[in-house]
A.B. asks: 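Take this structure, written in structure tokens, and hold onto it; I'll ask about it next.
The structure presented is a predicted model; accordingly, all values stated were derived computationally and were not measured. A note on names: the letters A, B, ... follow the listed sequences, proteins ahead of strands, and every chain is numbered from 1.
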Protein chains: 2
Amino acid sequence: MGKIKLDDTDHKILNMLIENTRTPFTDIAKKLLISAGTVHVRVKKMEEAGIITGSSLSLDYKKLGYMFIAYVGIYLKKTSQTQFVINRIGEIPNVTVASITTGKYNVFCKLRAKNTDHAKGIIFKIDDIEGVQRTETMISLEESINDKKRLMHSIFDEM
Amino acid sequence: MGKIKLDDTDHKILNMLIENTRTPFTDIAKKLLISAGTVHVRVKKMEEAGIITGSSLSLDYKKLGYMFIAYVGIYLKKTSQTQFVINRIGEIPNVTVASITTGKYNVFCKLRAKNTDHAKGIIFKIDDIEGVQRTETMISLEESINDKKRLMHSIFDEM
DNA sequence: GGTGAAAGCACCGAGTT
DNA sequence: AACTCGGTGCTTTCACC
């Protein structure tokens with residue numbers, strides 16, 4: 001987990017792997033005019049440095065019957081209960097992200113559900129957590145995801 | 001892109017691939033007591049059915065110098081401008097997700113930035129989009145991500 | 001830090017049950 | 001549908017630059 005300085009070749013490797021984790025190292029090597037062994041060594045280094053933390057599948061949740069996305073803003077009774085509430089929320093598998101925030105809400109989270117009824121049940125679970133004063137739900141009608149690739153390009157441009 | 005009915009074996013394959021996209025099919029085959037060829041055929045079917053849409057790297061953005069996460073709630077002047085605003089937001093690479101929502105805000109998005117100054121610039125860009133009336137920013141002090149695996153388990157349990 | 005070759009595996013399609 | 005098997009190609013290591 002030591003420090004590491006990424007160069008342009010590393011950026012290019014990351015950009016290719018972000019688009020498709022299973023891109024063969026031989027393909028990357030050909031494109032970057034280096035050997036497959038070098039690609040392998042560089043990827044391994046980035047894994048060891050903790051920059052690459054893993055890889056995961058992109059799934060179509062709608063096809064799995066999960067049509068519903070909602071954001072829930074949470075007001076707490078006391079901010080000292082934040083960690084407790086975050087832990088309880090973490091136990092609900094349908095909550096995909098939870099953040100401690102400053103601003104309007106104390107805690108903010110996102111959930112996935114099959115339908116409105118299912119979502120209602122999950123939101124009620126959040127409401128029932130000790131320390132939660134009130135929640136505000138925003139239903140996502142449509143989500144557009146700005147792909148990782150563009151973010152990465154901008155990160156590397158600014159480095 | 002035809003219909004497909006996933007069975008328990010498919011769920012187990014997905015659960016293993018979600019943890020690590022590069023898990024060799026031979027390993028999956030051993031664990032599930034089926035042949036590697038079968039794993040291959042099933043994964044291919046799920047790809048063709050559009051359930052698996054791709055794969056991507058998990059990165060430590062903090063190590064890349066992006067320490068800052070914020071959520072921005074947007075009020076529009078008229079909802080008829082929603083798509084226009086979503087498109088403009090999509091052009092900002094630092095915005096990682098944007099949603100059209102019902103509830104408190106018309107549009108809701110999440111952004112990644114290097115620091116507060118950098119974030120300020122991005123938020124000002126959003127404020128400047130034609131049709132945006134006002135924004136409310138929530139700074140994420142700490143983000144806990146409920147891993148995909150747990151969500152998937154719950155999806156499969158409920159099927 | 002990079003290379004290139006070689007050994008070890010994985011992938012994937014064809015043919016079979 | 002799932003299996004086996006073989007050709008092809010990918011990964012990974014290592015001696016050398």
A.B. asks: Is B:K45 near enough to D:dA1 that one of its side-chain N or O atoms lies under 4.0 angstrom from OP1 or OP2?
C.D. replies: yes
A.B. asks: Taking CD1 from A:I34 and P from D:dT11, how many angstroms apart are they, rounded to a whole number?
C.D. replies: 13 Å
A.B. asks: Quickly work out the B:D7 CG to D:dA2 P distance and round it to whole Å.
C.D. replies: 7 Å
A.B. asks: Which side-chain N or O atoms in residues 113-121 of chain A pair as donor and acceptor under 3.5 Å with protein atoms at least two apart or in another chain?
C.D. replies:
| residue | atom | partner | partner atom | Å |
| --- | --- | --- | --- | --- |
| A:N115 | OD1 | A:D117 | N | 3.2 |
| A:N115 | OD1 | A:H118 | N | 2.8 |
| A:H118 | ND1 | A:K114 | N | 2.8 |

A.B. asks: Is the distance from OP1 or OP2 of D:dC10 to the nearest side-chain N or O of B:R22 less than 4.0 Å?
C.D. replies: no
A.B. asks: Ring centres of B:Y61 and B:F68 under 6.0 Å apart?
C.D. replies: no
A.B. asks: Using every non-hydrogen atom in the two residues, find where B:V43 and B:L17 come nearest and quote the distance to one decimal.
C.D. replies: CG2-CD1, 4.0 Å
A.B. asks: Kindly check if the number of other-residue, nucleotide or ligand heavy atoms within 6.0 Å of NZ (B:K149) is above 12?
C.D. replies: no
A.B. asks: Round to the nearest Å and state the distance from A:I28 atom CD1 to D:dG9 atom C1'.
C.D. replies: 15 Å
A.B. asks: Please tell me whether A:S55 and A:T21 have a donor and an acceptor in their side chains that are separated by less than 3.5 angstrom.
C.D. replies: no
A.B. asks: Rounded to the Å, how far apart are B:M46 CE and D:dA1 P?
C.D. replies: 13 Å
A.B. asks: On DNA chain D, nearest-nucleotide positions of A:K30 versus A:V41: which is more 5'?
C.D. replies: A:K30
A.B. asks: Are B:E48 and B:K45 within salt-bridge range, i.e. N to O under 4.0 Å?
C.D. replies: no
A.B. asks: Does OP1 or OP2 of D:dT11 have a side-chain N or O of A:H40 closer than 4.0 Å?
C.D. replies: no
A.B. asks: Between D:dA1 atom C1' and B:L33 atom CG, what is the distance in whole Å?
C.D. replies: 17 Å
A.B. asks: Find the distance B:D27:CG to D:dT11:P and express it as a whole number of Å.
C.D. replies: 15 Å
A.B. asks: Quick one about A:Y71 and B:S99 (side-chain donor to acceptor, distance below 3.5 Å, no hydrogens or angles considered), yes or no?
C.D. replies: yes
A.B. asks: Going 5' to 3' along DNA chain C, between which two nucleotides do contacts with chain B fall, using a heavy-atom cut-off of 4.0 Å?
C.D. replies: C:dA10 to C:dG13
A.B. asks: Across the strands shown, which category fits B:S35 at heavy-atom distances under 4.0 angstrom: base, sugar-phosphate, nothing?
C.D. replies: base
